[in-house]
Every structure is written in structure tokens, then in C-alpha cells.
Amino acid sequence: MKKISLILTIIFLGQIFQSCHDDFDDMNVSPNNAEEVSPNYLLSYVISETTMRFYDLVNEHTDIAGAMQYTQRGTEFNAANQNCYQWGKGSWSGYYDILRTNQLMYEAGEEESNQFFMAASLIMKSFIFGLLADLYGDCPYSEALQANSSLLFPKYDAQKDVYEGVLTDLRTASEILEGLDSRLSVLASSDLLYGGERDKWIKFANSLRLRYCLRLDNKKGELGINTVNEFNDAASKVFESNDDNATLVLLGLSEDNSAAGGSVRSSNKPYAFKPGKPLVDYLKERNDPRLQRWVNPVERKWDFTATEETTVNYIDIFGDSYEMTILPTNNTSLDTSVYVGLPIGYDNLEFLGNYNRGDGVRDYPDERSTYISYLSPIYFENSNDYVNPSLITYAEVEFILAEAAYLGDYGVSSVEEHYKAGIEASMEQYKILSEAQGFDFEEFYNQQTVSYNSSSITNKHELILTQKWIALWLQAEAWFDWRRTGYPDFEPAANPAYGPALPLRVAYPEPFADPQYVEKYEEAVANLLKTSYVPSNQSNDHSYSKMWLLQGTEKPY
């Protein structure tokens with residue numbers, strides 16, 4: 001009996017040994033360090049990281065938001081950076097990290113013969129490289145992402161070549177998608193933009209094509225690609241409603257998926273960030289209800305007709321109630337409006353704490369001035385439908401079409417139709433048309449200061465771009481439009497760091513000391529053109545230097 005047991009034990013151990021030998025390679029792979037990842041997961045990562053980086057470029061806390069006069073910092077902490085354009089060096093490492101993952105998604109799509117992942121990768125690649133060219137000018141492109149081949153110091157491709165590559169890849173992506181079934185081979189939960197709907201991805205690709213064709217309008221004669229033909233090919237396959245917006249829904253659960261002003265990312269509510277006075281005044285003058293979605297009423301309101309201090313409940317157009325103290329005054333220098341923005345370009349603590357205070361009591365810390373509006377409470381939350389970031393929207397597309405019709409080179413007709421649709425789309429993004437009580441859009445639109453056919457407005461191009469600036473609230477595209485056109489015609493900061501003008505670009509990241517890197521960096525810097533606002537003792541690599549896109553255009557100055 002013992003002998004039989006011994007034999008069985010030897011056989012059993014032998015089988016285990018053989019099994020271990022056969023499966024050793026599989027067993028030796030750590031599940032926490034997988035070498036192959038489903039392209040579904042790669043897609044989710046690329047979409048979320050790209051959208052959050054784009055959001056963090058121009059949310060309410062950023063330098064570009066300050067330059068576009070959307071917001072201003074209300075205390076001295078870093079106020080000069082945002083209010084007075086003291087911009088530092090940029091950083092692009094995060095973008096190239098996403099691009100590496102995006103390349104893996106393309107390769108996984110090739111390996112699995114899944115053309116959707118290849119097309120999606122081309123679209124996201126185009127978005128990021130287009131953004132890098134927008135921000136910096138020349139940038140690593142054709143030789144980028146090749147560290148595995150020991151190419152550690154890629155050249156900086158000409159900005160023109162990057163844009164041409166972007167348009168080519170977007171067209172290719174659209175053509176690939178048009179050949180696929182309407183339901184894509186992707187987990188709906190992994191496609192954080194469109195849940196696997198092919199037609200929406202096609203519209204996304206072609207809407208971006210319109211964006212970049214118009215971006216290059218002033219330089220189209222220097223290109224090796226016909227942007228008018230590209231525009232015409234794309235225009236029939238673009239966003240048709242807000243349902244098409246390339247929008248990421250913020251969950252508000254961690255720093256990676258939360259809004260900038262909520263408790264997850266901000267230990268204190270960001271009262272220091274105020275709405276800019278030009279934006280507030282423009283909206284007030286036109287009775288534009290978007291103001292009441294984005295901005296809070298003041299807590300203390302001056303009134304020329306009041307005889308004594310009283311406290312009232314102010315009800316806004318959405319039915320939200322705010323406690324407000326009415327203060328009598330005869331000081332005509334004070335702003336007696338319900339909504340008061342902060343003037344542009346100050347970093348003086350005394351000014352910021354006292355603005356619009358008059359002889360009123362000062363019983364607040366500087367950032368909590370009760371005589372200036374705060375941003376709406378939606379900007380103090382971890383997530384909110386009105387704060388979800390978008391890569392491109394239907395409203396933007398309609399304004400692109402309106403401007404293309406105005407310019408007359410792109411085969412688009414009816415400027416007013418697209419201009420008006422852009423305003424409507426922007427308003428409905430914020431549920432103005434459905435939730436603003438007593439609001440009549442036609443009455444709003446027919447104002448002399450809004451209507452495209454108004455006889456009081458002679459510069460129709462500026463009108464289109466100014467309404468687009470409003471619709472692009474807290475989006476980077478407003479800055480890129482202003483650089484290209486000079487509209488809106490902003491008054492620069494009151495106390496600018498380098499002179500009375502707005503910045504034109506982001507300076508390159510601090511260069512490495514390696515001679516190979518420095519050589520390529522200096523080649524790119526040599527292609528930049530200093531404006532008169534760059535101090536003579538400073539490098540071409542400056543926020544007031546012109547990249548190729550602006551050189552020779554006399555835009556924006």
C-alpha cells in the first residue's frame with residue numbers, strides 16, 4: 001500500500017513539474033505589469049487625458065483665460081501671471097506622454113485589424129499635434145515618439161508641416177470611418193466621447209478639419225495643401241447639434257476627472273478668481289442671460305435711488321435666489337450693477353481689495369470682496385454639466401461656417417444663418433433657451449448690438465468673432481482666433497509686463513543641457529520673429545514673438 005502511494009505521489013509530482021515547465025512563461029508575467037493592453041483601455045486613457053489637459057489650458061484659473069479677459073485673479077498671489085501676462089515657460093511632456101499611448105492604440109488597432117482604433121488614434125494625434133503647433137510654433141513631429149529606435153532628440157518640424165500633417169491625418173481618419181459599420185468595434189464604455197457611434201466620430205474629424213483650415217486662412221498661399229478644397233470636402237460632414245459636441249463628462253471623483261474649482265482639486269473655494277469686466281459689461285449691455293449662468297450677483301449693490309441700507313432676495317433668470325444688501329450712494333464712479341466684473345490687468349492688492357467699495361465697509365479678506373461678482377457656484381463644484389470640458393463644439397462649428405461665408409473663399413453661403421445658429425447653440429449648451437424664465441431669443445437677437453443685419457454695426461467680421469469669443473467661454477480657441485484676426489479688439493492689461501499688447505505664444509519648455517537637444521531647440525527658436533514687445537536682451541523664445549502662422553500677416557499686431 002505504501003509502495004502504491006509512493007508511485008502515485010511520484011506521478012503526481014511529475015505532472016505538476018511538467019505543467020510548470022510548459023506554462024512557466026505565462027506564469028512569470030506579472031498581471032500588474034501587462035505588456036499588452038486592450039486598445040479599449042488605451043482609448044479611454046487618451047480621450048480623458050487629452051480633454052483634461054485641454055481643459056486645464058484655459059479653465060478659469062489659467063493665464064490664457066486672463067489674456068482673453070474671461071477671468072482675473074482677485075488677490076496678489078500670482079495675479080501678475082494671469083492679469084499682467086507674466087507668462088513663464090511652457091511644458092509639453094504631458095502631451096507627448098499621451099501621444100506615446102495613442103501610438104500604442106494605433107499599433108493595437110493594426111494588429112487586431114480594427115480600423116476604428118486606427119482612425120481614432122489619427123484624430124487624437126491630430127488634435128494634440130495641432131494644439132502643440134498652436135501653442136509653441138515649430139515642434140517635434142515627424143521624428144517624435146521614436147525613443148525605442150534610439151532617436152532621443154527629434155528635430156522640431158516646421159509649424160507649416162505639422163498643420164499639413166494634421167489635415168492629412170484627419171482626412172484619412174474620416175475616410176477610414178466612412179468605410180466602417182455604423183456601430184463600431186469598441187466597448188461603448190471605453191469611448192468616453194461617443195459610446196461607439198461612428199457618425200459622431202466622422203463629424204468630430206471633419207469639424208476639426210474646418211477649425212484648422214480656418215486657422216490657416218492667412219497663410220493658405222504658402223501651403224502645399226489646398227485648404228479650400230479640404231474645407232469643402234469636410235463641411236458636409238460636421239457637427240449638426242450640441243449632441244455632437246466632443247465633450248467629456250466629469251465624474252468629480254479624483255483629480256483626474258474633476259473640475260478645477262471643486263474641493264477635490266482646490267482645498268479652498270477659489271473666490272480669488274473673478275469674472276473680467278469686459279466680458280461682464282458686454283453681456284450686461286445686451287441682456288445676455290449667459291452672464292447669469294457664469295457669474296454671481298454682487299453681495300453688496302450700490303443704488304443711486306436707495307435712501308437706506310436694505311437686504312433683499314435677488315432672483316435671477318433661472319429662479320435662483322441670492323441675498324443682496326442694497327447700499328445708497330451718490331458716488332457716480334461706482335458700478336451700481338447687479339453683476340460687476342474686475343477691471344483687466346491689475347496686480348495691486350489695494351486696488352483689488354477696494355475696487356467698487358467706495359465708502360462701504362471693508363469686513364472681508366481681499367479675495368472675498370462683496371462689491372465684485374464671484375464666478376457662479378457651478379465653478380466651485382467637482383462636477384457640473386455646465387463645466388464639462390469639450391474639445392470642439394457645435395457652436396464653434398457654426399461660427400466657423402459663419403466666418404467662412406463672410407470671407408467668401410470657402411463656398412459657404414448665408415453668414416447670418418450660421419452666425420445666429422452659433423449663438424443659439426452656445427445658449428442651449430447652458431440650457432438658456434429651455435430654462436431662462438421669460439427669455440425670448442428672437443427679441444434678444446434683434447437688438448441693434450447683436451443682429452448680424454444691424455445697420456449700427458459696420459465691422460461684421462468683428463461681430464462674428466466677438467460673439468464667438470462669448471460662445472467659446474473658457475476655451476483656448478478664443479485666443480487662437482484673436483491671434484489670427486485681432487478680434488475681439490481687446491484693450492490690453494492696465495499694467496502689462498511687456499507693453500500694451502497680449503501674448504502670442506507659449507515659450508518652449510526649458511531646454512536640456514545635452515548639445516543635441518540644444519542644437520535642435522536653437523534651430524526652432526531662430527524661426528521665431530521678435531515683435532517690439534520682446535526686450536532686446538531676451539531670446540526669440542518669448543511669449544511676444546511671432547511663429548510662422550503670424551509672420552507676414554500683420555495680425556494681431
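Everything quoted here is computed from the prediction, not taken from an experiment.
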Listed by chain and number, what are the side chain to side chain donor-acceptor pair (under 3.5 Å) partners of [X], not counting sequence neighbours?
| X | value |
| --- | --- |
| W201 | D191 |
| W473 | Y379 |
| D138 | N527 |
| W548 | E222 |

> Rounded to the nearest 0.5 Å, how far does CG of N83 lie from NZ of K274?
Replying inline: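 Here the interatomic distance stands at 11.5 Å.
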>> Using a 6.0 Å distance limit plus a 45 degree cone around the ring axis, check whether R290 lies over the aromatic ring of Y430.
In response: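 Judged by the rule, R290 and Y430 form no cation-pi pair.
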> Cation over ring, K420 on Y445, under 6.0 Å and within 45°?
Replying inline: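 Positive - K420 is close enough to the ring of Y445 and near enough to its axis.
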>> I need the full list of side chain to side chain donor-acceptor pair (under 3.5 Å) pairs touching residues 387-400, with sequence neighbours left out, sorted by first then second residue.
In response: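 For residues 387-400: R211-E396, T247-S390, Y394-E398, E398-H418.
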With sequence neighbours left out, write down each residue that passes ring pair (Phe, Tyr, Trp, His ring centres under 6.0 Å) with [X], or none if nothing qualifies.
| X | value |
| --- | --- |
| F127 | F54 |
| Y517 | F512 |
| F231 | Y410 |

Identify every side-chain donor-acceptor pair in residues 91-99 under 3.5 Å, counting partners at least two apart or on other chains, and give the distances.
| residue | atom | partner | partner atom | Å |
| --- | --- | --- | --- | --- |
| Y96 | OH | P140 | O | 2.6 |
| D97 | OD1 | R100 | NH2 | 2.3 |

>> Can a side-chain donor-acceptor contact be found between Y212 and D134 if the only test is distance below 3.5 angstrom?
In response: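 Short answer, yes.
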> With no hydrogens and no angle check, do the side chains of D157 and Y163 hold a donor and an acceptor under 3.5 Å apart?
Replying inline: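 Short answer, no.
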> Looking only at heavy atoms, which two atoms of S258 and L253 are closest? And how far apart?
Replying inline: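 Residues S258 and L253, closest heavy atoms: OG-N, 3.5 Å.
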>> Tell me which pairs pass salt bridge (charged side-chain N to carboxylate O under 4.0 Å, His left out) where either residue lies in residues 81-94, with sequence neighbours left out.
In response: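 Output for this query lists K89-D541.
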Can you give me every donor-acceptor pair (side chain of residues 339-346, partner residue at least two apart or in another chain, under 3.5 Å) with its distance?
none

List, one per line, each side-chain donor-acceptor pair under 3.5 Å for residues 62-71, sequence neighbours excluded.
| residue | atom | partner | partner atom | Å |
| --- | --- | --- | --- | --- |
| T62 | OG1 | L57 | O | 3.3 |
| T62 | OG1 | N59 | O | 2.8 |
| T62 | OG1 | A65 | N | 3.3 |
| Q69 | NE2 | E491 | O | 2.7 |
| Y70 | OH | W469 | O | 2.7 |
| Y70 | OH | L472 | O | 3.1 |
| T71 | OG1 | E60 | O | 3.0 |
| T71 | OG1 | Q82 | NE2 | 3.0 |

>> Closer than 4.0 angstrom, basic N to acidic O: yes or no for K220 and D409?
In response: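 Yes, charged N to carboxylate O under 4.0 Å.
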